[in-house]
Amino acid sequence: MSANLNPWRSNRPNPAGSVTVEQVSKNYPGAQRGAVVEALQPISLELREADFVSILGPSGCGKSSLLRIIAGLEQPTTGRVLLNGTPVSGPGTDRGMMFQSYSLFPWLTVRDNIGYGLRERGLAPAAQAAIVDSYVAEMGLEGFDRLYPVQLSGGMRQRVAFARALANDPKILLLDEPFGQLDNQTRALMQEFLLGLWERHRKTVLFVTHDIDEAIFLSNRCAVFTARPGAIKSETRIELPYPRHYTVKSGGRFSDYRARLTEEIRAESLKSTQVGPAFLGT
Ligand code: ADP
Ligand code: MG
C-alpha cells in the first residue's frame, strides 16, 4: 500500500527528522529522603533523518527514561534534546510514541484509537476519516476497524498502535520495546512489517529492545548502554543492505554482529545483576 494514500502527507511540508541528544543525564529522587537514583549519565546521540537506531542494554539502565525525555514527557537533569535543531520543550505531534503495552484505549474502537491524535488536533471529521481509512488499509485492518482492542489478536493491536502513532505523520518514532508482549512468530512478522513501514514512510526511528537479533535485523545502528547509570558503551553500524529479508538472520555477517553485541551486553548485564563469573561456573 502506498504512503501517498494518506491525504495528510501530501498537504504538508516535510520537516527533517533529526534528533540530537546533547549530554543528557537523568537523576530521580530515591526512596530515602535526599537520596538520588542516577538513571542516566550524560549521553550524546545523533540520529539523522530516516536513521533506524536501536538501543540495547540491561534492565534499569535508563533506556525508557531517555525515550521519555526525547518525547518531552520528562525533563533531563542536565543537557538537552534538539529536534531538527530546535530544543524540545514538551510533547508534540512531531514525535510518535509506542510502548510495550500498546496503550490503546480499550473503550474506543480501532478507528477511534487510530484517529485519536487527529481529533485532539481538531482536524475536520472528513479529513480524519480519510486518514484513518488510509491506515486501516495500510495496516491490513479492513473489516476490523469497528471492533474494540479486546476483540483483536496481539499482532493486530500492535498494528493499530502503529497506525495511531503514525496518524499525525510524525517524522520521528520513539518505540519502547513495542514487541515485548508478542509471541515469537508474531514478533518476527511485526519486525518485517515495521521495516516495510519504515521503508515506505522514511521515519527516523529510535527503538528500544532487549532482543539482539531484532536490533540487528531492523537497525542501521545499534547503541549498547552500560548498566545503570546508563551511558553509551558502543555504537555499531549494521552494514546489511535494505530491504532486508528475514533470511539475513542466518547469514555470516549477522552472526558476527550477534556475537559481538551479545558479548558486550552480557558484560553489562552481569554488572547490573551483580552476579560474578563464579556464580555462573565460568
Ligand atoms: P530501562 O528502560 O532501561 O529499564 P528506566 O529508564 O525505566 O530503565 O529506569 C532507569 C532507572 O531509573 C531505574 O533504576 C528505575 O528504577 C529508575 N526510575 C525510572 N523512572 C523513575 C521515576 N519516575 N522515579 C524514580 N525512579 C525512576
Ligand atoms: Mg524500559
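Note that ligands are numbered from 1 as they come in the structure, with each ligand's atoms numbered from 1 the same way. The analysis underlying the following values was restricted to heavy atoms, covering all of them including side chains, and did not include hydrogens, waters or symmetry mates.
At a 3.5 angstrom cut-off on N or O pairs, S65 counts as close to ligand 1. Ligand 1 has no nitrogen or oxygen under 3.5 angstrom from a nitrogen or oxygen of A39. For ligand 1, one of its N or O atoms has an N or O atom of G60 under 3.5 Å away.
Taking 4.0 Å as the cut-off, S59 counts as a neighbour of ligand 1 on heavy-atom distance.
Taking atom 19 (C) of ligand 1 as the reference point, the nearest protein heavy-atom neighbour is Y28 CE1, 3.4 Å. Of the protein's heavy atoms, G62 N, 3.1 Å lies nearest to atom 8 (O) of ligand 1. Nearest protein heavy-atom contact of atom 7 (O) of ligand 1 is S64 CB, 3.7 Å.
With hydrogens and angles left out, the side-chain atoms of T77 and N27 include no donor and acceptor closer than 3.5 Å. The closest side-chain donor-acceptor pair between E46 and T20 falls under 3.5 angstrom. There is no side-chain donor-acceptor pair under 3.5 Å between E49 and T204.
Distance alone, capped at 3.5 Å, places no donor-acceptor pair between the Y257 side chain and the D213 backbone.
If you look at R228 next to ligand 1, the close heavy atoms, those under 4.0 Å, all belong to the side chain. Of all the heavy atoms of R68, the ones lying under 4.0 Å from any atom of ligand 1 belong exclusively to the side chain.
Within the 4.0 angstrom cut-off, atom 11 (C) of ligand 1 has one or more protein heavy-atom neighbours.
Salt-bridge formation is not detected for the pair K171/D94: no Lys NZ or Arg NE/NH1/NH2 atom is positioned less than 4.0 Å from an Asp or Glu carboxylate oxygen.
In this pair, F52 and W198 present their aromatic rings perpendicular. The plane angle is above 60°, beyond the 30 to 60° band.
For the pair R244 and F254, the cation-pi test (distance below 6.0 Å, angle within 45°) is failed.
Counting atoms of ligand 1 from 1 in the listed order, those under 4.0 Å from a heavy atom of C61 are 1 (P), 3 (O), 8 (O).
Note on S64: counted as a metal contact of the Mg ion (ligand 2), an N/O/S atom lying under 2.8 Å.
Atom OH of Y246 has 12 or fewer neighbouring heavy atoms from other residues, nucleotides or ligands inside a 6.0 Å radius.
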